[in-house]
Asker: 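Before we start, here is the structure in question, set down as structure tokens.
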Amino acid sequence: MHFERMAIIGVGLLGGSLGLAARRQHLVGHVVGIGHRSSTLEQAKSCGAVDSFTTDAAEGVAGADLVVLCTPVGLFGPLMEKCGPRLKAGCIVTDVGSTKAEPMAAIARHLPGECHLVGGHPLAGSDARGIESANERLFSGATVFVVPSAETMAGPIERVERLWQAVGARTRRIDPQSHDQLLARTSHLPHMVAALLVASLEPGDEPAVGKGLLDTTRIASGDPPMWRDIFLTNRAGTLAALDSFERLARQFREALESGDAESIEAVLRLAKRRRDSLLNR
């Protein structure tokens, strides 16, 4: 058993899946689900994701060895301001957020000195949402970035890594700033592009929409408030990624305007080669 008592704040796809996996593999003694809708929490208990639940976050984290934040990252600071005084000494606080530097700083501002902060980010989400989509095998084979703060001791980091590894994930340590720069290129910019592609459609285009556009823009169906917070808490990284994208788009436009077939095909070949290599990893 890795933890006696784990509190999950936000029992949706990621939080519910972690609760299911941890309980069914007997990795924790007791899982408390915390949320703002009793109906969702009832569903989480019925499907086996949590042992008990509460709508009072401060009450829910009391006595927990591990607290996992699974809400939009913009809520991390307010939640920890409320919950920090109720955390027991030695408690580890982690999360599943897609950005790390700003959200971890918001957590740290309200974290008691005797507690530990170990950021986390499983690359295992989807456009599906809610406890009804939770799956105990969601993290099997997935990469989970483990993101310690500069002050975190080795013991708590290793405990969080072992938990993720026990539910089937591969862990990789990274610092918050490097994480945000990397994810800006591989996750945040792609979501922005998908959203803008859909937003740029004109009325009457629907009959011509085929599988190619739907496949390309699948992630645009993600939760808007969650993605709003992701963009706002990783502005620098996303803007840097957008700068690089815009430079390439301008080069492609210039080639198209001038009828430079060779340059156009070179970009398409590079893109195909890189994507094919990603599929064959």
Side-chain angles (χ1 to χ4, degrees), residues 3-25 27-88 91-99 103-104 106-107 110-111 115 117-122 124-139 144 160 163-164 167 221-230 232-233:
F3 295 94
E4 289 292 335
R5 189 176 181 89
M6 176 168 69
I8 300 176
I9 306 180
V11 192
L13 173 65
L14 294 178
S17 296
L18 180 59
L20 278 171
R23 289 189 72 246
R24 293 181 181 176
Q25 295 182 47
L27 303 176
V28 295
H30 188 95
V31 178
V32 182
I34 301 166
H36 61 275
R37 286 195 297 269
S38 295
S39 58
T40 299
L41 295 168
E42 287 277 10
Q43 190 176 355
K45 185 175 181 182
S46 296
C47 76
V50 302
D51 294 288
S52 63
F53 62 84
T54 178
T55 58
D56 186 327
E59 175 186 303
V61 303
D65 306 293
L66 177 69
V67 173
V68 188
L69 297 170
C70 301
T71 67
V73 293
L75 297 178
F76 286 4
L79 279 169
M80 289 310 300
E81 183 176 15
K82 180 179 182 180
C83 295
R86 298 295 297 276
L87 297 176
K88 77 172 189 178
C91 176
I92 299 172
V93 175
T94 189
D95 72 288
V96 297
S98 295
T99 60
M104 287 180 65
I107 294 171
H110 306 290
L111 194 69
C115 296
L117 174 57
V118 183
H121 178 202
S126 76
D127 50 292
R129 294 178 59 201
I131 186 62
E132 61 274 7
S133 301
N135 175 5
E136 65 179 291
R137 295 189 57 78
L138 182 68
F139 307 109
V144 175
V160 171
L163 177 66
W164 284 116
V167 299
S221 292
D223 180 37
M226 180 186 79
W227 277 97
R228 174 203 64 207
D229 286 357
I230 288 170
L232 289 175
T233 56

Asker: Taking side-chain hydrogen bond (donor to acceptor under 3.5 Å, both in side chains) as the cut-off, I'd like each qualifying pair that reaches into residues 71-81, sequence neighbours left out, listed once.
Answerer: none

Asker: Roughly how far, to the nearest 0.5 Å, is CZ of Phe139 from CG of Leu14?
Answerer: 5.0 Å

Asker: Using atom types as modelled and distance alone, determine if a side-chain donor or acceptor of Thr94 lies under 3.5 Å from a backbone N or O of Val118.
Answerer: yes

Asker: Does Asp65 reach the main-chain N or O of Phe3 with its side chain, forming a donor-acceptor pair under 3.5 Å?
Answerer: no

Asker: Count the heavy atoms of every other residue, nucleotide or ligand shown that sit under 6.0 Å from CZ of Arg137, and state whether that count exceeds 12.
Answerer: no

Asker: As an exercise, state the distance from CG of Leu163 to CD1 of Ile92, rounded to the nearest 0.5 Å.
Answerer: 9.5 Å

Asker: On a heavy-atom basis, which atom in Gly16 and which in Ile131 lie closest, and how many Å separate them?
Answerer: CA-CD1, 3.7 Å

Asker: Are any of the side-chain heavy atoms of Ser52 and His30 separated by less than 4.5 Å?
Answerer: yes

Asker: Does the Asp95 side chain pair with the main chain of Gly120, one donor and one acceptor, at a distance under 3.5 Å?
Answerer: yes

Asker: How long is the gap from OG on Ser17 to CG on Asn135, to the nearest 0.5 Å?
Answerer: 6.0 Å

Asker: Kindly compute the distance separating CG (Leu41) from OG (Ser39), expressed to the nearest 0.5 Å.
Answerer: 8.0 Å

Asker: Write down the atom of Asp229, the atom of Gly74, and the distance for their closest heavy-atom approach.
Answerer: OD2-N, 3.1 Å

Asker: The test is side-chain contact (heavy atoms from CB on, under 4.5 Å); show your working for Phe53 and Glu42 and say whether it passes.
Answerer: CA-CA 8 Å; Phe53 62 84; Glu42 287 277 10; 3.6 Å; yes

Asker: How far apart are the C-alpha atoms of Met80 and Val93, what are their side-chain angles, what is the distance that settles it, and do they pass the side-chain contact (heavy atoms from CB on, under 4.5 Å) test?
Answerer: CA-CA 10 Å; Met80 289 310 300; Val93 175; 4.1 Å; yes

Asker: With the side chain counted from C-beta on, respond yes when Val32 and Val50 share a heavy-atom pair under 4.5 Å apart, and no when they do not.
Answerer: no

Asker: According to the salt bridge (Lys or Arg N to Asp or Glu O under 4.0 Å) rule, which pairs have a member within residues 43-62, sequence neighbours left out?
Answerer: Arg23-Asp51

Asker: Go through Val96 and His121 one step at a time and tell me if the side-chain contact (heavy atoms from CB on, under 4.5 Å) criterion holds.
Answerer: CA-CA 4 Å; Val96 297; His121 178 202; over 6 Å; no

Asker: Taking atom SG of Cys70 and atom CD1 of Ile9, what is their separation to the nearest 0.5 Å?
Answerer: 8.5 Å

Asker: As a test of understanding, state which of Val67, Thr54, Val11 forms a side-chain contact (heavy atoms from CB on, under 4.5 Å) with Ile34.
Answerer: Thr54

Asker: For a quick test of reading the model, state the closest non-hydrogen atom pair linking Ala64 to Cys91 and the distance between them.
Answerer: O-SG, 3.5 Å

Asker: Start with the C-alpha distance between Arg5 and Val28, add both sets of side-chain angles, then the distance that settles side-chain contact (heavy atoms from CB on, under 4.5 Å), and finish with yes or no.
Answerer: CA-CA 6 Å; Arg5 189 176 181 89; Val28 295; over 6 Å; no

Asker: So, for Ala49 and Leu20, which heavy atoms are closest and what is the spacing to 0.1 Å?
Answerer: N-CD2, 3.7 Å

Asker: What's the shortest heavy-atom distance between Ala58 and Lys82, and which atoms?
Answerer: CB-O, 3.9 Å

Asker: Rounded to the nearest 0.5 Å, what's the gap from CG on Leu18 to CG on Leu13? Could you check?
Answerer: 11.0 Å

Asker: Grab the two heavy atoms, one from Ala22 and one from Val167, that are nearest each other, plus how far apart they are.
Answerer: N-CG1, 4.4 Å

